[in-house]
Engineer: 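First, the structure itself, so that you have it in front of you.
Whatever order the structure lists ligands and atoms in, that order sets their numbers, starting from 1.
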Amino acid sequence: MKNVVIFGAPGSGKGTQSENIIKKYGFKHFSTGDILRKQIADQTELGKTAKKFIDEGKLVTDELIINMMDAELDSVKDAAGVIFDGFPRTYAQAEALKTLLNKRGTDVSVMLNIQVDEEELIKRLLERGKTSGRSDDNLETIKKRLDTYNRDTTPVIDFYKKEGTCVDIKGVGSIEEIFVAISEAIDAAK
Ligand code: AMP
């Protein structure tokens, strides 16, 4: 089983490329953002707590996310692979994911570090905001999310560099071109 972490700033194309990975490899998709948005739509306690953080462009607490992922991981037993999309987003979450996978006898196979410059990210997110209906796709929240990314999330890259599983992917160009690089990295992973 391959465990793939798809990593990048908001707007880097993680969601789109995750869909391509699912189509080609049949992996199971764990998007913490999608799981949280479902909890918000269902008006669960977890959803109500998460919405406050999301609407301010902040991260939901590590404890809440890690417990949620521990429960979600019990639903994967026989998958060909798993894609983690939007998780881990802090160094502590990266350490926790390793622990959660190790206790299930597995580990992260590859971390795809999708790189897109900030000007392009803002352009893409504003464009997405016109159709997404997401409460956090407006300029003010986008800027906060990018600050959060630069401060709290980029240390995750160091974690996977140390692990030896980080592969840099140029995230500008056609979706197809980017997917070729992603496929090569997945195929080469253990
Ligand atoms: P996304 O759809 O991945 O951009 O996530 C939308 C929002 O959900 C983020 O801006 C965070 O507020 C929250 N979120 C998603 N994943 C995580 C995570 N792993 N840790 C903390 N907060 C998260």
Engineer: Could you tell me whether the side chain of Lys2 and the main chain of Ile186 form a donor-acceptor pair under 3.5 Å?
Structural biologist: yes
Engineer: Considering only non-hydrogen protein atoms, determine which one is nearest to atom 1 (P) of ligand 1 and report residue, atom name and distance to 0.1 Å.
Structural biologist: Arg89 NH2, 3.5 Å
Engineer: Picking from Lys52, Lys58, Lys51, what satisfies salt bridge (charged side-chain N to carboxylate O under 4.0 Å, His left out) with Asp55?
Structural biologist: Lys51
Engineer: Under 4.0 Å from any heavy atom of Arg134, which atoms of ligand 1 are there?
Structural biologist: 1 (P), 2 (O), 4 (O), 6 (C)
Engineer: Could you check atom 14 (N) of ligand 1 against the protein and tell me its nearest heavy-atom contact, residue, atom and distance included?
Structural biologist: Leu36 CD1, 3.6 Å
Engineer: Return the closest protein heavy atom for atom 22 (N) of ligand 1 as residue, atom name and distance.
Structural biologist: Val60 N, 3.1 Å
Engineer: Could you find the nearest protein heavy atom to atom 7 (C) of ligand 1 and give me its residue, atom name and distance?
Structural biologist: Ile54 CG1, 3.9 Å
Engineer: May I ask you to check if Lys28 and Phe30 form a cation-pi contact, with NZ or CZ under 6.0 angstrom from the six-membered ring centre and within 45° of the axis?
Structural biologist: yes
Engineer: Starting from atom 16 (N) of ligand 1, locate the nearest protein heavy atom and write down its residue, its atom name and how far away it is, to 0.1 Å.
Structural biologist: Thr32 OG1, 2.7 Å
Engineer: Quick check: is Ile157 connected to Val110 through a chain of hydrophobic side chains (ILVMFWY, heavy atoms under 4.5 Å apart)?
Structural biologist: no
Engineer: Can any side-chain N or O of Ser109 pair as donor or acceptor with the backbone N or O of Val4 at less than 3.5 Å?
Structural biologist: no
Engineer: Which of the atoms of ligand 1 are close to Gln93, meaning less than 4.0 Å from one of its heavy atoms?
Structural biologist: 18 (C), 19 (N), 20 (N), 21 (C)
Engineer: For ligand 1, which atoms have a heavy atom of Arg37 less than 4.0 angstrom away?
Structural biologist: 2 (O), 6 (C)
Engineer: Tell me which protein heavy atom sits closest to atom 12 (O) of ligand 1, plus the residue, atom name and distance to 0.1 Å.
Structural biologist: Lys58 O, 2.6 Å
